[in-house]
Novice: 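Mind looking over this structure? Questions follow.
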Amino acid sequence: MKTDLVALPIATADGEFIARYSEKGLAELNFPNGRAGLPLGQSAQQHRPAKGGVVPAKIRGWHRVTAKALKAVLDGREPKTLPPLDMAGTAFQKSVWNQMQKISLGKTKSYGEIALAIGKPKAVRAVGGACGANPVPVLVPCHRVLAANNKLGGFGGGLDWKRRLLKHEGIEF
DNA sequence: TCCGTATTGAACT
DNA sequence: AGTTCAATACGGA
């Protein structure tokens with residue numbers, strides 16, 4: 001577990017998200033309370049205000065941008081600016097995440113298309129895995145990635161969240 | 001090295 | 001039209 005990260009809450013109409021920052025940028029973003037999002041085995045842990053009590057101005061600035069961007073997306077608008085992202089992952093995963101960020105709001109892509117975009121057309125399932133490993137949902141729109149034939153596909157731990165997010169963007173089934 | 005996976009497309013009821 | 005199945009790439013144990 002990453003106890004070196006600074007955790008800050010973001011209140012939204014859909015609940016309180018929790019953002020975690022490293023020294024380099026936004027490292028993780030969690031869905032409200034326990035469910036959905038990442039398999040962090042720490043759902044029981046209360047979010048602390050900050051690491052040592054002091055939140056660096058640098059991080060406060062990022063947090064403001066993050067909160068704004070998050071609310072924008074939940075509001076069905078494209079965020080103008082994003083905080084620096086500090087995602088830990090393999091080269092493959094970063095490629096996938098990078099591709100996902102290129103999906104404009106309100107549009108969708110299939111896992112197959114993502115796989116093709118990173119030059120590995122056959123790696124469709126692996127792409128799914130990378131999506132599940134995405135530490136920063138919403139901002140990196142893993143929810144905009146559907147299965148082929150416009151099927152909903154899956155969403156680790158909280159399929160209802162995927163649905164809700166898509167609905168916010170005007171995508172129906 | 002084996003297992004699970006947020007897939008896919010083709011073959012079979 | 002719904003369901004089953006094998007193939008395939010990658011990460012984790």
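Remember, it's a predicted structure, so these values are computed and weren't measured experimentally. To find a chain, count down the sequence lines: A is the first, B the second, and so on, and within it residues start at 1.
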Novice: Grab the two heavy atoms, one from A:Cys131 and one from A:Tyr111, that are nearest each other, plus how far apart they are.
Specialist: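 Taking every non-hydrogen atom into account, SG-CE2, 3.9 Å.
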Novice: Output the rounded distance in Å from CE (A:Met100) to P (B:dT7).
Specialist: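 It works out to 14 Å between those atoms.
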Novice: Just how far, in rounded Å, is C1' of B:dA6 from CZ of A:Arg163?
Specialist: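 Rounding to the nearest Å, CZ of A:Arg163 and C1' of B:dA6 are 14 Å apart.
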Novice: For B:dG4, what is the paired nucleotide under Watson-Crick or G-U wobble rules, both distances under 3.5 Å?
Specialist: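 Its partner is C:dC10 (Watson-Crick or G-U wobble, both distances under 3.5 Å).
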Novice: Which heavy atom of A:Val55 sits nearest a heavy atom of A:Arg60, and at what distance?
Specialist: O-NH1, 3.2 Å
Novice: For the residue pair A:Phe17 and A:Phe31, does the interplanar ring angle fall in the parallel (under 30°), tilted (30 to 60°) or perpendicular (over 60°) class?
Specialist: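 Geometry flag for A:Phe31 against A:Phe17: tilted rings.
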Novice: Taking the ring of A:Tyr21 and the ring of A:His63, is the distance between their centroids below 6.0 Å?
Specialist: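 Yes.
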Novice: Short of 4.0 Å, heavy atom to strand atom, which residues of residues 109-125 of chain A count as contacting DNA chain B?
Specialist: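 Heavy-atom cutoff 4.0 Å gives A:Ser110, A:Tyr111, A:Gly112, A:Val124, A:Arg125.
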Novice: Measure the distance from CH2 on A:Trp97 to C1' on C:dC10 and round it to the nearest whole Å.
Specialist: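 Taking CH2 of A:Trp97 and C1' of C:dC10, I get 13 Å after rounding.
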Novice: I need the CG-P distance between A:Asn134 and C:dG11, as an integer number of Å.
Specialist: 14 Å
Novice: Mind calculating the distance between CG (A:Asn149) and P (B:dA10) to the nearest angstrom?
Specialist: 12 Å
Novice: Measure the spacing between CG of A:Leu8 and OG1 of A:Thr66 and express it to the nearest 0.5 Å.
Specialist: 9.0 Å
Novice: Distance check needed: B:dT5 C1' versus A:Phe92 CZ, whole Å only.
Specialist: 12 Å
Novice: Can you tell me how far C1' of B:dA6 sits from CD1 of A:Ile103, to the nearest Å?
Specialist: 13 Å
Novice: From A:Lys109 NZ over to A:Lys102 NZ, what is the distance, rounded to the nearest 0.5 angstrom?
Specialist: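 One finds 7.5 Å between NZ of A:Lys109 and NZ of A:Lys102.
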